[in-house]
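Scroll down for the structure; my scribbles are underneath it.
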Amino acid sequence: MSEVVSIKNLKKTYKSGIENLEVLQNVCLDVNGGETVVITGESGSGKSTLLNLIGGLDNATEGVIVVDGRDICRLNENELTDYRNRYIGFIFQFHYLLNDFNALENVLIPALIRGDRYDSAESRALTLLSDVGLKEHRHHYPSELSGGERQRIAVARALMNEPPLILADEPLGNLDERNSRVVEDILFSLVEKYRKTMVLVTHDPELAGRSDKYYKLGHGLLERA
Ligand code: ADP
Ligand code: MG
């Protein structure tokens with residue numbers, strides 16, 4: 001299968017005061033289409049930094065990141081906005097749902113941004129709401145949903161534009177044990193159902209058992225575990 005992500009010699013340094021913080025020293029990673037990769041590492045090891053670089057939310061200091069054939073380090077701001085909307089489905093620890101919009105609207109907004117017609121976006125959003133078991137909750141606002149339900153909506157939203165790549169940053173981090181398992185099952189089963197490629201970062205080594213490939217990030221380096 002072809003590579004969806006190919007990272008070569010990635011380096012990320014933050015300048016803070018007079019010191020340079022070398023968060024990623026020399027990271028290489030290849031992810032094939034349809035694979036699920038889990039990366040664990042201690043807090044502060046650079047997991048979010050790595051995911052944000054792949055997602056075009058931050059700029060690399062050195063190195064190459066190719067996603068679905070495009071070198072994203074060469075994209076300009078407009079191209080990056082388009083890249084994030086079409087190529088990436090983000091799921092974060094916090095749901096980032098829009099409080100003034102109901103569940104259905106939150107799921108379909110990425111498609112409206114892309115320029116889809118409302119009715120086609122709505123029918124796809126309803127399918128995804130069924131997939132996450134929340135079709136009956138489509139008119140609920142985020143404040144009327146539980147933490148686990150909000151994160152299930154975030155999973156549906158991430159899949160809305162059929163992006164080739166799902167990036168998940170501690171997607172279960174804010175949930176209790178029971179809801180973690182529910183959201184975990186929904187996330188992994190939908191990634192499989194829709195044949196998505198996923199890179200998931202977490203401090204929780206338990207999730208490694210669900211991955212095709214498992215890596216550890218530490219001291220600026222990524223190693224296969
Ligand atoms: P993790 O997600 O593994 O907990 P992060 O990627 O968030 O780790 O952070 C890695 C390191 O980089 C931490 O030491 C953090 O303080 C530092 N860091 C993250 N973002 C910035 C930034 N914008 N400016 C300076 N330092 C940062
Ligand atoms: Mg983090």
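By convention here, the first residue in the shown sequence is residue 1. If you're wondering where the values come from, they're calculated on a predicted model, not measured in any experiment. Counting starts at 1 for both ligands and their atoms, in listed order.
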Relative to ligand 1, is Val23 under 4.0 angstrom through side chain, backbone, both or neither, heavy atoms considered? side chain
From CA spacing to verdict: salt bridge (charged side-chain N to carboxylate O under 4.0 Å, His left out), Asp176, Arg178: CA-CA 6 Å; Asp176 60 36; Arg178 194 181 63 81; 5.3 Å; no
Which residue holds the protein heavy atom closest to atom 7 (O) of ligand 1, what is that atom called, and what is the gap in Å? Ser48 CB, 3.7 Å
Proximal atoms of ligand 1 relative to Gly46 (non-hydrogen, under 4.0 Å): 1 (P), 3 (O), 5 (P), 6 (O), 8 (O), 10 (C)
Check whether any side-chain heavy atom of Pro171 lies under 4.5 Å from a side-chain heavy atom of Leu187, and answer yes or no. yes
Is it the case that ligand 1 has an N or O less than 3.5 angstrom from some N or O of Leu21? no
Using a cut-off of strictly less than 2.8 Å, determine whether Gln93 has an N/O/S atom near the Mg ion (ligand 2). no
Mark the output for Gly44 as yes if a heavy-atom distance to ligand 1 is under 4.0 Å, and as no if none is. yes
With a cutoff of 4.0 Å, is Gly41 in contact with ligand 1, counting heavy atoms of the residue only? no
To which protein heavy atom is atom 23 (N) of ligand 1 closest, and what is the distance rounded to 0.1 Å? Tyr14 CE2, 3.5 Å
Could you give the side-chain donor-acceptor pairs of residues 103-114 under 3.5 Å, partners two or more places apart or in another chain?
{"from": "Glu105", "atom 1": "OE1", "to": "Asn102", "atom 2": "N", "distance (Å)": "2.9"}
{"from": "Asn106", "atom 1": "OD1", "to": "Leu98", "atom 2": "N", "distance (Å)": "2.7"}
{"from": "Asn106", "atom 1": "ND2", "to": "Leu98", "atom 2": "O", "distance (Å)": "3.1"}
{"from": "Asn106", "atom 1": "ND2", "to": "Phe101", "atom 2": "O", "distance (Å)": "2.9"}
{"from": "Asn106", "atom 1": "ND2", "to": "Asn102", "atom 2": "O", "distance (Å)": "3.1"}
{"from": "Arg114", "atom 1": "NE", "to": "Asp116", "atom 2": "OD1", "distance (Å)": "3.2"}
{"from": "Arg114", "atom 1": "NH1", "to": "Asn161", "atom 2": "O", "distance (Å)": "3.1"}
{"from": "Arg114", "atom 1": "NH2", "to": "Asp116", "atom 2": "OD2", "distance (Å)": "2.7"}

Taking atom 16 (O) of ligand 1 as the reference point, report whether a protein heavy atom occurs under 4.0 Å from it. no
With side chain to side chain donor-acceptor pair (under 3.5 Å) as the test, pick out the partner of Tyr14 among Asn20, Asp58, Thr61. Asp58
Are Glu42 and ligand 1 in contact, using a heavy-atom cut-off of under 4.0 Å? yes
Taking atom CG of Leu29 and atom CG of Leu50, what is their separation to the nearest 0.5 Å? 7.0 Å
What's the shortest distance from atom 6 (O) of ligand 1 to any protein heavy atom, and which residue and atom give it? Thr49 OG1, 2.6 Å
Is the shortest side-chain heavy-atom distance between Arg70 and Val66 below 4.5 Å? no
Answer yes if the side chains of Ser6 and Lys8 hold a donor-acceptor pair under 3.5 Å, and no otherwise. yes
How far apart are the closest heavy atoms of Val38 and Thr202, and which atoms are they? CG1-CG2, 4.1 Å
